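Please read all numbers here as calculations on a predicted model, not as lab measurements. Keep in mind that the numbers below use all heavy atoms, side chains included, and drop hydrogens, waters and symmetry copies.
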Amino acid sequence: MMPLPGLPGFPDLSVRRPETVELMDRPDCDLDALHRTYRGFAVVNPVVAGWQLTYRTLIRPLLAEVKTASILDIGSGGGDVARALAQRARRDGFTVRVTALDPDARAHRWAAARRHVPGLDYRRGTSGDLVREGRRFDVVLSNHLLHHLDPGALEAVLADSEALAARRVIHSDIRRGPAAYGLFSAGAGLATPLFPGSFIRTDGLASIRRSYTPDELAAVLRPGWRVQTQPPWRNLAVWEAAGDAVSDAR
């Protein structure tokens with residue numbers, strides 16, 4: 001992968017930059033700006049995160065096999081992906097219990113204060129907490145989580161996901177590349193008036209610089225995982241549970 005020549009300010013994307021700082025991850029970040037960012041995610045993620053396609057291809061077929069299913073969203077942030085999945089599954093006639101899990105008290109408070117969605121619960125904590133409780137879920141997933149994690153935390157989340165998933169794990173993240181960076185930069189720049197005072201553009205570009213190429217992601221996954229690319233710029237880290245494991249859907 002080569003940097004784009006002739007574009008001032010366009011970074012070299014041939015090398016992953018995990019040291020790039022995302023403002024919303026700072027414990028001292030502006031709280032009002034953080035809340036504006038969470039609100040903006042409900043608009044941005046349906047456009048860029050691809051969960052409509054992921055749901056149709058990797059989640060809905062599993063829901064059709066069981067009467068009652070459970071889904072865990074690790075690192076759920078403002079909860080927009082969890083809310084959308086709970087609503088979409090309900091519209092499709094499925095009985096689903098979605099747990100939105102995040103260790104950040106700021107994210108948990110903001111998400112839990114949103115309008116109630118049937119079948120959705122918010123939980124402050126880590127995936128390790130749920131493993132220690134012996135919890136199981138039919139589907140374990142995350143959105144834009146993996147690029148935030150250092151190697152030790154990534155290994156822990158992958159191992160926890162295997163322990164928690166009765167059927168399938170889907171960790172969806174950005175696929176680093178010039179197209180993702182250029183189009184997000186342009187699109188977010190045009191949409192900036194819609195999200196004044198938020199971190200969306202700045203942190204979105206930082207996220208792309210921190211994210212993996214498919215080969216890089218494959219190299220850090222545990223045995224038994226696969227990388228599945230999804231257009232236009234998604235990496236899905238997917239793991240399938242063996243046998244007929246049963247979740248604790250309720």
Visitor: Quick check: is Leu130 connected to Leu141 through a chain of hydrophobic side chains (ILVMFWY, heavy atoms under 4.5 Å apart)?
Guide: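 No.
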Visitor: Should Arg97 and Thr68 count as side-chain neighbours, where that means a heavy-atom distance under 4.5 Å?
Guide: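 Contact flag for Arg97/Thr68 side chains = no.
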Visitor: Given side chain to side chain contact (heavy atoms under 4.5 Å, CB included), test Leu236 with Leu58 step by step and report yes or no.
Guide: CA-CA 10 Å; Leu236 306 180; Leu58 291 174; 3.8 Å; yes
Visitor: State plainly whether one hydrophobic cluster holds both Val238 and Val157, where clusters connect Ile, Leu, Val, Met, Phe, Trp and Tyr through side-chain heavy atoms under 4.5 angstrom apart.
Guide: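 Val238 and Val157: separate clusters.
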Visitor: Dump the intermediate steps for side chain to side chain contact (heavy atoms under 4.5 Å, CB included) on Thr202 and Leu23, then the final yes or no.
Guide: CA-CA 8 Å; Thr202 301; Leu23 298 177; 4.0 Å; yes
Visitor: Could you tell me whether the side chain of Val140 reaches within less than 4.5 Å of the side chain of Trp239, counting heavy atoms only?
Guide: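 Trp239 does not reach Val140 side chain to side chain.
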Visitor: Any chance CZ of Arg26 has more than 12 other-residue heavy atoms, nucleotides or ligands included, within less than 6.0 Å?
Guide: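 At most 12 heavy atoms, drawn from other residues, nucleotides or ligands, come within 6.0 Å of this atom.
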Visitor: How far apart are the closest heavy atoms of Ala69 and Asp138, and which atoms are they?
Guide: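 Minimum heavy-atom separation between Ala69 and Asp138: CA-OD2, 3.2 Å.
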Visitor: Establish whether Leu53 and Val44 are linked, either directly or via other cluster members, by ILVMFWY side-chain heavy-atom contacts under 4.5 Å.
Guide: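 As far as the 4.5 Å side-chain criterion goes, Val44 and Leu53 are not connected within one cluster.
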Visitor: Restricting to non-hydrogen atoms, name the atom on Leu146 and the atom on Tyr212 that form the minimum distance, rounded to 0.1 Å.
Guide: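 Result for this residue pair: O-CE1, 4.1 Å.
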Visitor: If I compare all heavy atoms of Ser76 with all of Asp102, which pair ends up nearest, and what's the gap?
Guide: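 Between these two residues, the closest heavy atoms are N-OD2, 3.3 Å.
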Visitor: Is any side-chain heavy atom of Pro11 closer than 4.5 Å to a side-chain heavy atom of Leu13?
Guide: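 Pro11 vs Leu13: side chains touch.
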Visitor: When you look at Arg201 and Phe195, which way does the side chain to side chain contact (heavy atoms under 4.5 Å, CB included) test go after all the steps?
Guide: CA-CA 9 Å; Arg201 187 175 187 274; Phe195 317 113; over 6 Å; no
Visitor: Hey, what do you get for CG (Asp160) to CD (Glu155), rounding to the nearest 0.5 Å?
Guide: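 Those atoms lie 9.5 Å apart.
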Visitor: Report yes or no: do Asp215 and Thr213 form a side-chain donor-acceptor pair below 3.5 Å?
Guide: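 No.
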Visitor: Less than 4.5 Å apart, side chain to side chain, heavy atoms only: is that true for Phe184 and Ile200?
Guide: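 A side-chain contact exists here, since the closest heavy-atom pair is under 4.5 Å.
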Visitor: Can we say Arg132 and Asp129 salt-bridge, meaning some charged N sits less than 4.0 Å from an Asp/Glu carboxylate O?
Guide: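 Judged by the 4.0 Å cut-off on N to carboxylate O distance, Arg132 and Asp129 do form a salt bridge.
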Visitor: Is there side-chain contact between Leu154 and Val220, with heavy atoms separated by less than 4.5 Å?
Guide: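 Answer yes - side chains close enough.
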Visitor: If you look at every heavy atom in Asp80 and Ala42, which pair is closest and at what distance?
Guide: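 Scanning both residues completely, I find the closest heavy atoms to be CB-CA, 3.9 Å.
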Visitor: Test side chain to side chain donor-acceptor pair (under 3.5 Å) on Arg234 and Ser172 and set out the steps.
Guide: CA-CA 7 Å; Arg234 308 300 298 173; Ser172 178; 3.0 Å; yes
Visitor: Roughly how far, to the nearest 0.5 Å, is OG1 of Thr54 from CZ of Arg60?
Guide: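 Here the rounded value is 12.0 Å.
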Visitor: Do Leu62 and Phe94 make a side-chain contact, defined as non-hydrogen atoms from C-beta onward lying under 4.5 Å apart?
Guide: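 They are not in side-chain contact.
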Visitor: For Arg136 and Ala163, indicate whether the former's side chain and the latter's backbone hold a donor-acceptor pair under 3.5 Å.
Guide: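 Between the backbone of Ala163 and the side chain of Arg136 there is a qualifying donor-acceptor contact (under 3.5 Å).
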Visitor: To the nearest 0.5 Å, what is the distance between CG (Asn235) and CD1 (Ile174)?
Guide: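 Rounded to the nearest 0.5 Å, the CG-CD1 separation comes to 9.5 Å.
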Visitor: Looking at Arg210 and Glu22, is there a salt bridge between them, counting it only when a charged N and a carboxylate O are closer than 4.0 Å?
Guide: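 A salt bridge links Glu22 with Arg210.
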Visitor: Out of Arg176, Arg16, Arg17, which one pairs with Glu216 under the salt bridge (charged side-chain N to carboxylate O under 4.0 Å, His left out) rule?
Guide: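 Of Arg176, Arg16, Arg17, salt bridge (charged side-chain N to carboxylate O under 4.0 Å, His left out) with Glu216 is met by Arg176 alone.
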Visitor: Taking C-beta and beyond as the side chain, do Asp73 and Leu101 meet within less than 4.5 Å on heavy atoms?
Guide: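 Contact flag for Asp73/Leu101 side chains = no.
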Visitor: Can you find a side-chain donor-acceptor pair between Ser211 and Arg175 that sits under 3.5 Å?
Guide: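 Note: Ser211 and Arg175 side chains miss the donor-acceptor criterion.
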Visitor: Taking atom CZ of Arg83 and atom CZ of Arg114, what is their separation to the nearest 0.5 Å?
Guide: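 Result: 7.0 Å between the selected atoms.
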Visitor: Looking only at side-chain N and O atoms, does Ser207 offer a donor or acceptor that is under 3.5 Å from a partner on His144?
Guide: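 No pair is found: no donor N or O on one side chain lies under 3.5 Å from an acceptor on the other.
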Visitor: Val48, Val43: one ILVMFWY side-chain cluster at the under-4.5 Å cut-off?
Guide: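 Yes; Val43 is reachable from Val48 via cluster members.
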Visitor: Provide the closest heavy-atom pair for Ala241 versus Ala166 in the form atom of the first, atom of the second, distance.
Guide: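 Scanning both residues, the minimum pair turns out to be CB-O, 3.3 Å.
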Visitor: Does Arg106 count as lying over the ring of Trp110, i.e. NZ or CZ under 6.0 Å from the six-ring centre, within 45 degrees of the axis?
Guide: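 Negative - Arg106 is either too far from the ring of Trp110 or too far off its axis.
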Visitor: If I take atom OG from residue Ser70 and atom CZ from residue Arg167, how far apart are they, to the nearest 0.5 angstrom?
Guide: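 The distance works out to 9.5 Å.
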Visitor: So among Ile170, Ile74, Val131, which one has a side chain to side chain contact (heavy atoms under 4.5 Å, CB included) with Ser161?
Guide: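 Only one of Ile170, Ile74, Val131 forms a side chain to side chain contact (heavy atoms under 4.5 Å, CB included) with Ser161, namely Ile74.
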Visitor: Considering residues, nucleotides and ligands other than Arg90, do more than 12 of their heavy atoms fall under 6.0 Å from its CZ?
Guide: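 No, CZ of Arg90 has 12 or fewer neighbouring heavy atoms, counting only those of other groups under 6.0 Å.
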Visitor: With a 4.5 Å heavy-atom cut-off, do Tyr122 and His108 have their side chains touching?
Guide: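 Touching, per the 4.5 Å side-chain cut-off.
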Visitor: Rounded to the nearest 0.5 Å, what separates atom CG in Asp104 from atom OG1 in Thr126?
Guide: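 The CG atom of Asp104 sits 13.0 Å away from the OG1 atom of Thr126.
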Visitor: For Phe137 and Ile71: C-alpha separation, side-chain torsions, deciding distance, then whether side chain to side chain contact (heavy atoms under 4.5 Å, CB included) applies.
Guide: CA-CA 6 Å; Phe137 301 84; Ile71 297 175; over 6 Å; no
Visitor: Quick check on the hydrophobic clustering: are Val81 and Tyr38 connected, directly or via other members, by side-chain heavy-atom contacts under 4.5 Å?
Guide: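 Hydrophobic grouping puts Val81 apart from Tyr38.
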Visitor: Can you name the nearest heavy-atom pair linking Ile59 to Trp51, along with the distance?
Guide: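 Scanning both residues completely, I find the closest heavy atoms to be CD1-CZ3, 4.1 Å.
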